[in-house]
Every structure is written in structure tokens, then in C-alpha cells.
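These notes concern the structure reproduced below.
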Amino acid sequence: MTSLFGSSGIRGIVNHEMTIDLARAVGAAIGGQYRRVVIGKDVRTSGDMIACALSSGIMSCGGDVYDAGMIPTPTLAHATKNYDCGLMITASHNPPEYNGIKMWNPDGSSFDDDQMEDIENAVRELKFKRADWRSVGTKYTHEGAVESHIEIISKLVGPITAKVVVDCGCGATSTITPRLLRELGCSVVSINSHPDGFFPGRSPEPTEDQLVRLRDIVLSENADIGIAHDGDGDRVVMIDEKGRFIGGDKLLALLTAMFGEKEVVTTIDSSMVIDELVEGKVVRTRVGDAYVSNMMKRTGIEFGGEPSGTFIFAKNSLCPDGIYAAALLVKIASENRISELIDSLPNYPSFRGSFNFERTRRKEIKRTLVQEIEKVKCDNLLTVDGFRAEFSDGWFLIRLSGTEPKIRITVEARTEEALTRLKTISMEIARRCIS
Ligand code: MG
């Protein structure tokens, strides 16, 4: 992967890495290649600032800008089908001081490595095709992105009768998920569903410890299900009617089982349960929804997802759509006790952890990791992204995050004893890398 762009496009702290100069340059590179560009932004305080810089860059090279306003990422990806490309200003689940730019194709897939490299090269060399004054671009408004996304999902999912609690984390889904579920026929209680770039309700990352209020309200309201999104709505996680947090790994298994998927594209860090549930092939990619989406595009496989809570259904879009996935989960909860479905899935103990390091040490840490992995005696080593060491009783993955200065560790094993053993080995490797 190129250095300016990570696995999710460009992302960084506002006015440090994510500057208006960078946004204007990216806009200029885009504007030289794509004539009609739709732009969306999530709720972050820096959204307008970056949108303006991006837009002026695009127009300076002759591209027209269509401003879709504050919308979730999957809503922007859907809107992109009417344009040459779409730009989403978001840092997804990162803290509020971050922002970024993610680029989309008309089919809902995000830019692949080649497309990103084209943009990156133009930005690095400052080689832009500036337009003559007669042909600089114009800015328009794109209306109705939320309404048309609601219409697409409503047609695919149909009416639902369920009691649901929705936690949008004050992110971009505040404008769509509670409304969609109500329009489908659900009784909806919403929390943290006012857009706010300070994310006052909880972190934009919907981890278990951030969803205590959601859990309490699911229980006190006797709801069938609780739903939580990340900041920009490409992800969803769930609270079952017993108040248990159900993360992306379990949801990937649930959706695979419920829809009888024959083939699945997933990432190197997802559970071995998927291999057990799928009759046909499981294709594993690097971590990042862009890799899942692009593999689906290449292979024609119709379902894919990541344990982070991104799910892609090709018949909806090649963009992970947490809003569509939420509607599917609520539909499932309206027809079943969702806790019973969860309990019927194979269940192995697992662990996820991370170690922070200073951004400047990335190369050095990567080198040490290679040396440390060479010493590990495992049955099989997958190197598609980081190192997944597989043993007869489980596996662990150690990799550097594509978006943050972090070593991420994932461990899954058939027994608690094996989990403890593999967790100890992998955490010691990570500690030696950052020491
Ligand atoms: Mg996201």
C-alpha cells in the first residue's frame, strides 16, 4: 500500500496530517480525471473545512462538484452511481480530532490500489491538469441521498414489526437509521441520534464498553434488538434481547448462516467459524473493507464481511452498508429470538488486543516483527496481511493497523487453555516489537 493513503483512503489528525492543502491537492488530482464528483461528509467539526478545500481543488481542474451534505458513507456510495466518482469526508470510527477522505466508484466499490496510486502520484508530484478559466468547474447540490437510500433498503428488506433501540453514536446515521426502521414499521427508541462532531454520547467506535446505555435501554424497554453504528455508518454491531453485546465476528457468522451463503469473502482476521458454516469456498483478503469489496467484484461472490462489523451484500452495493445490515438484523430479530440464533452458532473463545507505538517507528517495528515470526513453530503461516499463524487447536494473527500506529493481535482457539497459550505467545511477540 502506498504511504499517503492507508487501507481506508487518507486519514489523519486535522490540521496536522489531514490539512486543507492536502485536501485541495487530492481534489485537483480527482478533478483532472473525473468530471462529475459527488461529495458527502460525516458529522466531524472539520467536515465543512475539508469539503471546501476538496471542492476548490476539483473545480480548478474542471470537475463539477455535487454536494450531498452530511450523510453516512454507504449513502454516499449509493449516490455515486449517478456520478463519475464519490468522495466521502470521514474518519469512520476514529476519534473526533481525525478526518479523512475515502474515494468511491459508481458501482459502490471503493478505489482500488491502482486508482489510489494514480491520485497519490499526482498529489506527490503536484502535477495537476488545471482548467482554463472558461472551463473551471461549478458547484451544485445533490438532494435526496438519504431518501433514495431508504427507498433501496425498503425494497430489499420489506416491512418489519420489531421493537428496536438504535444508538447512532451522534454520527452520520442519526439522519437515517431511526427513520428507516420507523418507516419499515418498527417501534424505535433512539439514543445518541443527534449529529454532533464532538461525539458527546460515546466514542464513534461501537465497542462493547461504549454501549452500556444501549444495553440498559434494550433490557428496560424489553426490546427485540439493539443496534449501534460507527461514526459514518458502514459498520453495525448488535445487542441481543438478553442484553449481550454481539460483535462483528458473530454477526458475520449469523448472516452467513441465516442467508445460507455458499461462498464468502472475508478478511485474514475473521473467525474459523466461517470455514465451518460455508459449504463452498472462503476467500480471505487483507484487512480492510476495500479488499473485501474488490475481491467480491473480481470473483463475483455475493456476500462478504469483516469482524469489525462491515457487511457487503452485492445485490445492495459493493460498499459495506451498516444501515442495510441493521435492517436485515432487525428483520431477523422480528422473526426469531435472536439470542437463540446466536447460541446455535459454533462458539470458540477469542481475544483481540492492540499495542500503540509512535508513528515514526513503523518501519523498524515491521522489521522486528518479521524476525520474531520466523522463530514461531506453527502448522501454517498466512502472510496475506501481517502473519496468521495456524495451529491444530487455534490461530493467532499479528499485524500493523492500516489506519493507526498500532500492532493488532487476534487469537481464536478451540479451548480456553489453547487461547491462553496462543495469547501469551502473540502478546510477547508484540511487546518485543515495541520495546
Ligand atoms: Mg466506518
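In listed order, ligands and their atoms are each counted from 1. For the numbers below, each heavy atom of this structure counts, side chains included, while hydrogens, waters and symmetry mates do not.
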Any N/O/S atom from Ser92 (main chain or side chain) under 2.8 Å of the Mg ion (ligand 1)? yes
Which atom, among the N/O/S set of Asp230, is closest to the Mg ion (ligand 1)? OD2
Does Met70 reach the side chain of Thr175, with side-chain heavy atoms less than 4.5 Å apart? yes
Can you tell me the N, O or S atom of Asp234 that's nearest the Mg ion (ligand 1)? OD1
Please identify each residue that fulfils side-chain contact (heavy atoms from CB on, under 4.5 Å) with Thr138, with sequence neighbours left out. Asp64, Tyr140
Starting from the Mg ion (ligand 1), look over the N/O/S atoms of Asp232 and name the nearest one. OD1
Going by heavy atoms in the side chains, are Ser55 and Ile39 under 4.5 Å from each other? yes
Counting only heavy atoms not in Arg182, do more than 12 sit closer than 6.0 Å to its CZ atom? yes
